[in-house]
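To start, the structure itself, in structure tokens.
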Amino acid sequence: MRQGGNEVFWELDVTSGLSRASYGSNMADTGVVEALLRLVEKADDGVDSVQVASRLGVDHQVVVGAVKSLQALGDVISADLCSSKHWELTEEGTEIAEQGSHEARVFSSIPLEGLVQSELMKLSFGKIGFSKAMSNKWIRVDKTHEGGPRIFRTVDSIVDQVQEKLLLLQKGSGSELEEKEKNELKKRKLLSEVTVKSYWITKGSSFSTTITKQETELTPEMMANGSWKEKKFKPYNFEAMGVAPDSGHLHPLMKVRTQFRQIFLEMGFTEMPTNNFIESSFWNFDSLFQPQQHPARDQHDTFFLSDPALAHEFPQEYLQRVKKVHSEGGFGSQGYKYDWKIEEAQKNILRTHTTAVSARMLYKLAQQKFTPVKYFSIDRVFRNETLDATHLAEFHQIEGVVADYGLTLGDLMGILHQFFTKLGITKLRFKPAYNPYTEPSMEVFSYHEGLKKWVEVGNSGIFRPEMLLPMGLPEGVSVIAWGLSLERPTMIKYGINNIRELVGHKVNLQMVYDSPICRLDS
Amino acid sequence: MPTVGVNRDLLFRALGRTYTDEEFDELCFEFGLELDEITSEKELISKEQGDSKASGASDVILYKIDVPANRYDLLCLEGLVRGLQVFKNKLDAPRYTRVSPVSGQPQRLIITKETAAVRPHAVAAVLRNITFTQERYDSFIELQEKLHQNICRKRSLVAIGTHDLDTISGPFTYTAKPPGDICFKPLNQTKEYTATQLMSLYKSDSHLKHYLHIIEDKPVYPIIYDSNGIVLSMPPIINGDHTKITLKTKNVFIECTATDLTKAKIVLDMMVTMFSQYCSKPFTESTENIAQLLTRMCLLSRATGVGDEIEVEIPPTRSDVIHACDIMEDAAIAYGFNNITRTTPRTYTVANQFPLNKLTELLRQDLAAAGFTEALNFALCSQEDIGDKLGKKISETRAVHISNPKTAEFQVARTTLLPGLLKTIAANRKMPLPLKLFEISDVVLKDDTKDVGARNSRRFCAVYYNKSPGFEVIHGLLDRAMQLLEVKSARGDGYHIQAADDSTFFPGRCAEVFVHGKSVGRLGVLHPDVINRFELTMPCSALEIDIEPFL
């Protein structure tokens, strides 16, 4: 690494170590290592690596390599990085030290009878040497001489001080010269000042002149013959990563699903059979007292089936009660007062919510002697909606339902509080909302510490009497329910912004491989 | 959920005080509204059309407020303010009364039987001595538009027409005529058109073209005349120009024509009650805790003194109240949901898992432990995915078909998990090989024995994708799965595999899996054509079995 100027930095060659296995592969020349150790042993207060190099007659870098490999063994030696400056002759300086300065060479090439100036200028050192010799007043020019200007010596002999100084420097005795003289030579580009980084090497706490070969790993043979007791082992690089295990992985959304199932089971909820994606409009809408002209029943919001287009089996008495409550009212209700059509109820769809299954379960419950129930489900629902970064045509709905005598709005909020506490959410508030099949309806908001605002986390309510009483549930039985999507908490949990990276074939498998275990409450 | 945009300053003036954004948000929340966005016309335009277009627009602050879908009485500034003021006990709940005109005789609207073929119902009312300002007029028009978009289902169920009563004279006739026989000057046009001409004129009108289909194919079109034969409107498309309302209009004739009479009445009530406050006699006039709370929600109430009984009067603005539970909800809102003490139900129950889901959960864990990674794919796909691409005819699958898919991705419900896994591999071709994936999920099959004619079937599918087909790997996974399910390898009372022909698989490299003598699925090396059709280039083996027989 050059750092500008003439400074030279000796590169340290044993710095790898990204992999533990790489250790020992750069073992320096054993001869140099041993010679170095002998020199360190003899020296009382240590040796300089540059001097070691010149004494051993090897390149400095070889010594640096030996130092590094000894350092890797532990405290055999201690080496401190230090830098020193010294003068070095340039190429031109070396030439002058050998052959004399240009001016001296000009002087010596002029015979007693003089030399034609043009002849002198033909020599390689002529030009520079001429002007220097002139200013030293060693020569003169006779411009009027016949046959052109001619040069003559003015003195009999000269002392070539430049050459002498350079020779002194070359011998390493530069200290005899004054700084001013050195700088003058530097100006003439005959000298340069060089900084050398070297090591000051002293004995370490476990110094020894003999080095044992280090072992990389423990082997069965060593264990069998006990040789590991005498061996030294190369140190591990604990900075490196381990090797990833070969393994399969569970999908993050499914991991979150498992946790939600666990929470419901801990709270005593029984899982509903939601393995029926195809549902009739009757169970998906009509049984929930959702009027037949409701926008959710539009082609724009719901997937209808062309094959099989219609459902053909309904509990007839119940169907008549549903028809009546929609079109005429009853059970304390005015109804929606419209012409309810069986054709609309028969239409098969991909269920738009798992509440269709809750309706089937509550109807089934009403056909036997009433016992309180707590139900839950987590499964797919389908919406024929416009897709974007947070909406897909299918998603997982989480739903909880409790049916018992005398349940209140306070009970619903209490149970929601318990449920969300298990998700690590304790700050809840409730907003009045509208939903065709619950009354009252409440949107559940939680305070998001990160976003510093209230965010909607679910929907809840008490099922309307117009839904429950036609099923045959006893008066006085209330059914409280709530729902939320599985994808949204999962996206928040795993920091995913685009739902397509989570669900569907465009998933990034690396994300699946890397996803941590799911603890919703931490 | 409809959104109402109101001018903040006008709103505050009407409410009699100002609020900070946070205070107003809080008030909305308690009342069951949501302050969705704080913006201005300028901001809206610059967001939609760029800054350059917005330079001249108004900087007046607009509140965008989300209103529950059943509260049509909150769709305009007037109704919103009235609701909030009563809620805050600043205004008595208004009592709406009908007044007779000075002349004594109410207006009449005669409905002829011809309308039965196209739009059988109509109701009408008059707002007398109303004073419009520009803002009130705008709000009046805006409310009509909001009602049209929401409860009126884009004018299909109900259409509203409003007219300057002083330009016409009753009685009015609502009838239906063949389009060629209808001729009038429509709103904001300079000449007369027949109904047939109008329909083609409005084909290119960005606003009106959406309503044409409601009557287009009918033999007769609905039309309303006054006693002199002046056309008031051709519902649900356009009003006549003659009866146009201006800021100077004093008496407004409102008609609602409909295919649903209940909705028509609701809509008419909304129009009248919302704007009766600008008439010279606004609404003409207007005891216990719950009764007071209900009164705050515009439900005028009093304790009758008989037990806990409360008598509640439902004003025409509250068409959403159809059961006592709707009233209780309002009492709870007025009390404040968040003031209700949270309790724990004492319902004692024992939890049970759905056995099929329990089996699925347990299997998933051990299949991941066997080195396979779980994928999660859509239940809906294209016909091609489960047909052509797998080398099968779609008619031979038992797929259920969707009648209204927006794109080909949602044509059918999947009948096999295999295409989803192959697409997952295709989207992850850059990942190091081998890729080992599995999925346990439902497919959907037609089944006549079910009430809806179809049922789910839970499948386990796995694929192995590498430089060599790896049949032995996928076969090993089957062996492992059978071990987990405690089925031993044996013909008859265990499981075995046996060569089978299947166009999805490479000839001679497919076997059928039998468990206790019954086929549960197949495994094998996929046909190179199948692999290519899923944009893959390496050999691939796959397994798919039904897991319901293992319950």
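First the proteins, then the strands, lettered A, B, ... as listed; each starts at 1. Hydrogens, waters and symmetry mates play no part in the numbers below; they use all other heavy atoms, side chains included.
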Applying a strict 4.5 Å limit to non-hydrogen atoms, the region of Ile425(B) in contact with chain A is neither
| said: With a 6.0 Å cut-off on the ring centroids, do Phe410(B) and Phe382(A) count as close? | reply: no
Applying a strict 4.5 Å limit to non-hydrogen atoms, the region of Leu437(B) in contact with chain A is side chain
Point to revise | Ionic contact status for Lys431(A) with Glu30(B), cut-off 4.0 Å | key: no
Bottom line for Val512(A): the part with an atom under 4.5 Å from chain B's heavy atoms is side chain
Applying a strict 4.5 Å limit to non-hydrogen atoms, the region of Ala369(B) in contact with chain A is neither
- Is any side-chain heavy atom of Pro308(A) closer than 4.5 Å to a side-chain heavy atom of Lys446(B)? yes
Is any side-chain heavy atom of Tyr336(A) closer than 4.5 Å to one of Ile322(B)? yes
Cut-off 4.5 Å, heavy atoms of chain B, and the answer for Thr371(A) is neither
One should read off an interatomic distance between Ile333(B) CD1 and Met442(A) CE, to the nearest 0.5 angstrom, of 10.5 Å
- Geometric cation-pi criterion, Arg429(A) with Phe337(B): 6.0 Å, 45°: no
Nearest heavy-atom contact between Thr349(B) and Pro372(A) is CG2-O, 3.7 Å
Heavy-atom closest pair (Asp411(A) atom, Thr344(B) atom, distance to 0.1 Å) is OD1-C, 3.9 Å
task: Indicate yes or no for a side-chain donor-acceptor contact from Asp307(A) to the backbone of Val400(B) under 3.5 Å, with no hydrogens or angles considered.
output: no
With a 4.0 Å cut-off on N to O distance, would you call Arg464(A) and Glu329(B) a salt bridge? no
Before accepting this row, confirm whether a basic side-chain N of the pair Arg380(A)/Asp442(B) lies closer than 4.0 Å to the acidic partner's carboxylate O. no
Open item on the list: With a 4.5 Å cut-off on side-chain heavy atoms, are Val507(A) and Leu376(B) touching?
Closed with: no
#### Entry: Lys406(B) and Glu385(A): CA distance, side-chain angles, deciding distance, salt bridge (Lys or Arg N to Asp or Glu O under 4.0 Å) verdict
CA-CA 9 Å; Lys406(B) 281 181 185 151; Glu385(A) 291 181 323; over 6 Å; no
Cut-off 4.5 Å, heavy atoms of chain B, and the answer for Leu407(A) is side chain
Closest heavy-atom pair, Met431(B) versus Gln510(A), reported as atoms and distance to 0.1 Å, is CE-OE1, 3.1 Å
Under 4.5 Å to a heavy atom of chain B? For Ser280(A) that would be both
Residues Asn404(B) and Phe304(A): closest non-hydrogen pair is OD1-N, 2.9 Å
Turns out that what part of Lys450(B) lies under 4.5 Å from chain A's heavy atoms comes down to backbone
Honestly, the part of Ser457(B) sitting under 4.5 Å from a heavy atom of chain A is neither
Taken to the nearest 0.5 Å, the spacing of Gln293(A) CD from Leu157(B) CG works out to 6.0 Å
Cut-off 4.5 Å, heavy atoms of chain A, and the answer for Phe372(B) is backbone
Worksheet item: Does a side-chain heavy-atom distance below 4.5 Å link Asp320(B) with Glu439(A)?
Response: no
The interface call for Asn357(B) against chain A, heavy-atom contacts under 4.5 Å, is both
Rounded to the nearest 0.5 angstrom, the CG-OG1 distance for Leu250(A) and Thr373(B) is 8.5 Å
Whatever's closer than 4.5 Å to a heavy atom in chain A on Asp66(B) counts as neither
* Taking atom types as modelled and ignoring hydrogens, do the side chains of Glu271(A) and Asn352(B) form a donor-acceptor contact shorter than 3.5 angstrom? -> no
Taken to the nearest 0.5 Å, the spacing of Glu443(A) CD from Glu34(B) CD works out to 6.0 Å
- Message: Do Phe354(B) and Asn275(A) make a side-chain contact, defined as non-hydrogen atoms from C-beta onward lying under 4.5 Å apart?
- Response: yes
| said: Ring-plane angle category for His505(A) and Phe378(B), please: parallel below 30°, perpendicular beyond 60°, tilted otherwise. | reply: perpendicular
ring-ring contact (aromatic ring centres under 6.0 Å, His included) filter on His249(A), not counting sequence neighbours, yields Tyr513(A)
Under 4.5 Å to a heavy atom of chain A? For Asp260(B) that would be side chain
Turns out that what part of Arg71(B) lies under 4.5 Å from chain A's heavy atoms comes down to neither
To the nearest 0.5 Å, atom CG of Asp379(A) lies from atom CG of Asn456(B) at 7.5 Å
So, the part of Lys255(A) with a heavy atom under 4.5 Å from chain B: the answer is backbone
**Asked** Is a salt bridge present between Asp246(A) and Lys436(B), judged by a nitrogen-to-oxygen distance below 4.0 Å?
**Response** no
If one checks every heavy atom of Gln353(B) against chain A at 4.5 Å, the contacting part turns out to be both
Under 4.5 Å to a heavy atom of chain A? For Arg153(B) that would be side chain
